[in-house]
Amino acid sequence: MKKIATVFAAVAALALVSASVAGCAKKAPETRLSAITKAKKIVLGTSADYPPYEFHTQIDGKDTIVGFDIAIAREIAKDLGVELEIKDMDFDGLLAALASGNIDMVIAGMTPSEERRANVDFSDIYYFAEHGVMIRKADEALYAADVASLKDKMLGAQRGAIQVGLAKTRIKGVADDQAEAPHAQVKELGKLPDLVMELKNSKIDAVVAELPVAKAYLGANADLMLASYTFRDDDGGSAIAVKKGQADLVAAINKTVARLIAEGKIEAFVAEASESVEY
Ligand code: ARG
């Protein structure tokens with residue numbers, strides 16, 4: 001009798017275990033992509049101080065964020081059949097916002113550097129640009145021709161951006177493995193317009209930014225010019241960042257990126273955005 005009871009209990013326990021296993025199998029863990037589809041909304045994080053990538057403009061008297069990154073985001077939302085919400089913040093806050101789940105993706109001309117790859121996943125690269133150096137026109141004879149002329153000068157780059165490292169390694173001559181250490185002559189500010197202002201006011205002597213962005217700022221500031229030298233970085237271009245481990249979301253984004261590249265749409269978006277930059 002005792003034996004029968006034990007067998008019965010064992011069978012009952014087994015049934016319970018298999019039932020709960022089956023229950024688990026039915027309810028797949030919710031991915032970010034399924035949450036996006038369910039909410040019918042994808043939240044983009046960007047730093048809209050980077051024309052023609054993303055910038056503020058007036059449309060029908062209303063402040064609006066536009067740019068080719070935003071056009072790409074709209075296509076991603078469209079392909080997913082969801083709405084797009086845009087959150088604008090300082091560039092150096094974007095990855096934390098991604099980690100905390102405040103945003104679903106970052107499109108901000110972000111370079112998929114190795115260091116960032118350790119913390120987030122990236123889409124395929126959708127655009128490539130070199131980096132340019134903005135100086136004052138009045139200093140043309142001093143700094144325009146030779147990068148060595150800026151070695152002991154005050155430089156500026158956006159906080160959290162790879163240009164901080166470029167300013168140190170390519171202009172200051174700092175070793176690659178020291179690029180993280182603060183440098184007294186590399187000023188880091190959260191917003192690019194503030195750096196441009198410091199340049200105009202002679203607080204700093206040069207600003208490093210992606211070449212198309214530097215050109216956009218020059219168009220609006222006749223007292224500034226580009227130095228003749230440019231830099232290429234090893235990480236090669238801009239990609240879209242998402243929280244680590246969201247393979248289905250990355251795949252969906254890559255599908256849209258591939259379509260846009262195949263249709264020549266990225267170039268069209270870049271041209272359109274560049275035209276709408278206000279000078
Ligand atoms: N490509 C550079 C980087 O990743 C700078 C990007 C700055 N983007 C912006 N929207 N302000 O680090």
Side-chain angles (χ1 to χ4, degrees), residues 45-47 49-50 53 69 89-100 105-135 142-192 194-196 198-199 203-214 217 226-245 250:
T46 195
S47 169
D49 61 351
Y50 224 57
Y53 291 73
D69 278 351
M89 54 191 88
D90 279 6
F91 184 76
D92 71 333
L94 287 168
L95 292 186
L98 201 57
S100 71
M105 61 175 173
V106 172
I107 315 186
M110 186 175 271
T111 308
S113 67
E114 225 171 283
E115 195 190 335
R116 289 177 184 149
R117 279 188 191 281
N119 300 308
V120 294
D121 287 333
F122 280 101
S123 72
D124 297 330
I125 285 170
Y126 61 85
Y127 187 69
F128 178 81
E130 292 194 8
H131 306 275
V133 179
M134 286 183 261
I135 58 173
L142 292 174
Y143 309 132
D146 183 10
V147 65
S149 63
L150 283 172
K151 187 147 196 303
D152 299 314
K153 300 295 162 190
M154 278 300 293
L155 310 177
Q158 186 165 38
R159 189 183 302 130
I162 63 155
Q163 283 82 13
V164 173
L166 290 176
K168 291 182 209 165
T169 56
R170 309 290 179 91
I171 302 179
K172 292 291 175 193
V174 167
D176 280 344
D177 59 349
Q178 294 298 305
E180 292 298 302
H183 193 294
Q185 288 181 329
V186 178
K187 187 159 193 177
E188 302 174 36
L189 294 179
K191 294 236 177 270
L192 212 62
D194 294 335
L195 287 163
V196 171
E198 299 254 306
L199 177 60
K203 299 256 168 35
I204 56 180
D205 298 309
V207 173
V208 187
E210 251 101 352
L211 201 50
V213 179
Y217 275 96
L226 266 181
S228 64
Y229 36 87
T230 57
F231 310 122
R232 260 176 180 262
D233 65 80
D234 311 327
D235 300 305
S238 299
I240 299 162
V242 302
K243 202 171 182 166
K244 243 197 168 355
V250 176

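Just so you know, residue 1 is the first one in the sequence shown, and it goes up from there.
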> Is any side-chain heavy atom of I107 less than 4.5 Å from a side-chain heavy atom of Y53?
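Sidechains of Y53 and I107: no contact.
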> Can a donor-acceptor pair be found, under 3.5 Å and without considering hydrogens, that links the side chain of R170 to the backbone of T230?
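Here the side-chain-to-backbone pair does not exist.
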> For the CD atom of E180 and the CD atom of Q178, what is their distance to the nearest 0.5 Å?
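It is 10.0 Å, given to the nearest 0.5 Å.
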> Rounded to the nearest 0.5 Å, how far does OG of S100 lie from CG of L95?
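OG of S100 is found 11.0 Å from CG of L95.
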> Can you see which heavy atom on L195 is nearest to which on G156, and at what distance?
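What the structure gives for the nearest pair is CD2-CA, 3.8 Å.
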> Under a 3.5 Å distance rule, please check whether K168 uses its side chain to pair with a backbone N or O of A179 as donor and acceptor.
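Between the backbone of A179 and the side chain of K168 there is a qualifying donor-acceptor contact (under 3.5 Å).
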> Using a 4.5 Å cut-off on heavy atoms from C-beta on, say whether the side chain of E188 contacts that of D92.
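Answer no - side chains too far apart.
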> Starting from the C-alpha separation in whole Å, work towards a yes-or-no answer on side chain to side chain contact (heavy atoms under 4.5 Å, CB included) for L155 and V133.
CA-CA 10 Å; L155 310 177; V133 179; over 6 Å; no
> If you round to the nearest 0.5 Å, how far is CE of M134 from CG of L192?
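The CE atom of M134 is 5.5 Å from CG of L192, to the nearest 0.5 Å.
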> Whether the side chain of R116 engages the backbone of T111 through a donor-acceptor N/O pair (distance < 3.5 Å, no angle test) should be reported.
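Checking the backbone N and O of T111 against the side chain of R116, a donor-acceptor pair under 3.5 Å is found.
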> Return the minimal non-hydrogen interatomic distance between G45 and L94, and the atom names on each side.
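G45 and L94 have their closest heavy atoms at C-CD2, 3.5 Å.
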> How about V120 and L98: do any of their side-chain heavy atoms sit closer than 4.5 Å?
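They are in contact (side-chain heavy atoms under 4.5 Å apart), so the answer is yes.
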> Rounded to the nearest 0.5 Å, what separates atom NZ in K172 from atom NZ in K151?
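Interatomic distance, K172 NZ to K151 NZ, rounded to 0.5 Å: 8.0 Å.
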> Measuring from atom CD1 of I135 to atom CG of D205, what distance do you get when rounded to the nearest 0.5 angstrom?
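It comes to 9.5 Å.
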> List the steps and the verdict of side chain to side chain contact (heavy atoms under 4.5 Å, CB included) for D49 and Q158.
CA-CA 10 Å; D49 61 351; Q158 186 165 38; 2.7 Å; yes
> State whether the side chain of D146 and the backbone N or O of A148 hold a donor-acceptor pair below 3.5 Å, judged by distance alone.
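The answer is yes, because a donor-acceptor pair under 3.5 Å joins these two groups.
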> With no hydrogens and no angle check, is any side-chain donor or acceptor of K244 less than 3.5 Å from a backbone partner on D121?
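Judged by distance alone, no pair lies under 3.5 Å.
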> Keeping D69 on the side-chain end and G109 on the backbone end, is there a donor-acceptor pair under 3.5 Å?
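Here the side-chain-to-backbone pair exists.
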> Do you know which two heavy atoms are closest between G132 and L211, and how far apart they sit?
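Smallest interatomic distance, heavy atoms only, reads CA-CD1, 3.6 Å.
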> Whether the side chain of S228 engages the backbone of A144 through a donor-acceptor N/O pair (distance < 3.5 Å, no angle test) should be reported.
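It does hold such a pair.
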> Look at atom CD of E130 and say whether more than 12 heavy atoms of other residues, nucleotides or ligands are closer to it than 6.0 Å.
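Yes, CD of E130 has more than 12 neighbouring heavy atoms, counting only those of other groups under 6.0 Å.
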> Begin from the C-alpha positions of K153 and L142 and carry the test side chain to side chain contact (heavy atoms under 4.5 Å, CB included) through to its verdict.
CA-CA 11 Å; K153 300 295 162 190; L142 292 174; over 6 Å; no
> Aromatic contact between Y50 and F91, with the criterion being ring centroids under 6.0 Å apart: yes or no?
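Judged by ring-centre distance (under 6.0 Å), Y50 and F91 do not meet the cut-off.
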> Using side-chain heavy atoms (C-beta onward) and a distance below 4.5 Å, is D233 in contact with Q163?
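The answer is no; the side chains never approach within 4.5 Å.
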> Contact between E198 and M154 at the side-chain level, heavy atoms closer than 4.5 Å - yes or no?
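Sidechains of M154 and E198: no contact.
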> What closest approach, in Å, do I125 and G237 show between heavy atoms, and which atom pair accounts for it?
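Residues I125 and G237, closest heavy atoms: CG2-CA, 4.3 Å.
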> Is it the case that atom NZ in K203 sees more than 12 heavy atoms from other parts of the structure closer than 6.0 Å?
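Atom NZ in K203 is not crowded, with 12 or fewer foreign heavy atoms closer than 6.0 Å.
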> Are the side chains of F231 and V147 in touch, meaning some heavy atoms are under 4.5 Å apart?
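The answer is yes; the side chains approach within 4.5 Å.
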> Work out which heavy atom in A239 is nearest to a heavy atom in D124; give both atom names and the distance.
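Minimum heavy-atom contact is CB-O, 3.9 Å.
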> For the residue pair A99 and K243, what are the closest heavy atoms and their distance?
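Smallest interatomic distance, heavy atoms only, reads O-NZ, 3.0 Å.
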> NZ of K191: more than 12 outside heavy atoms within 6.0 angstrom?
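Atom NZ in K191 is crowded, with more than 12 foreign heavy atoms closer than 6.0 Å.
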> Nearest 0.5 angstrom please: I171 CD1 to Y229 OH, how far?
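I171 atom CD1 to Y229 atom OH measures 6.5 Å (nearest 0.5 Å).
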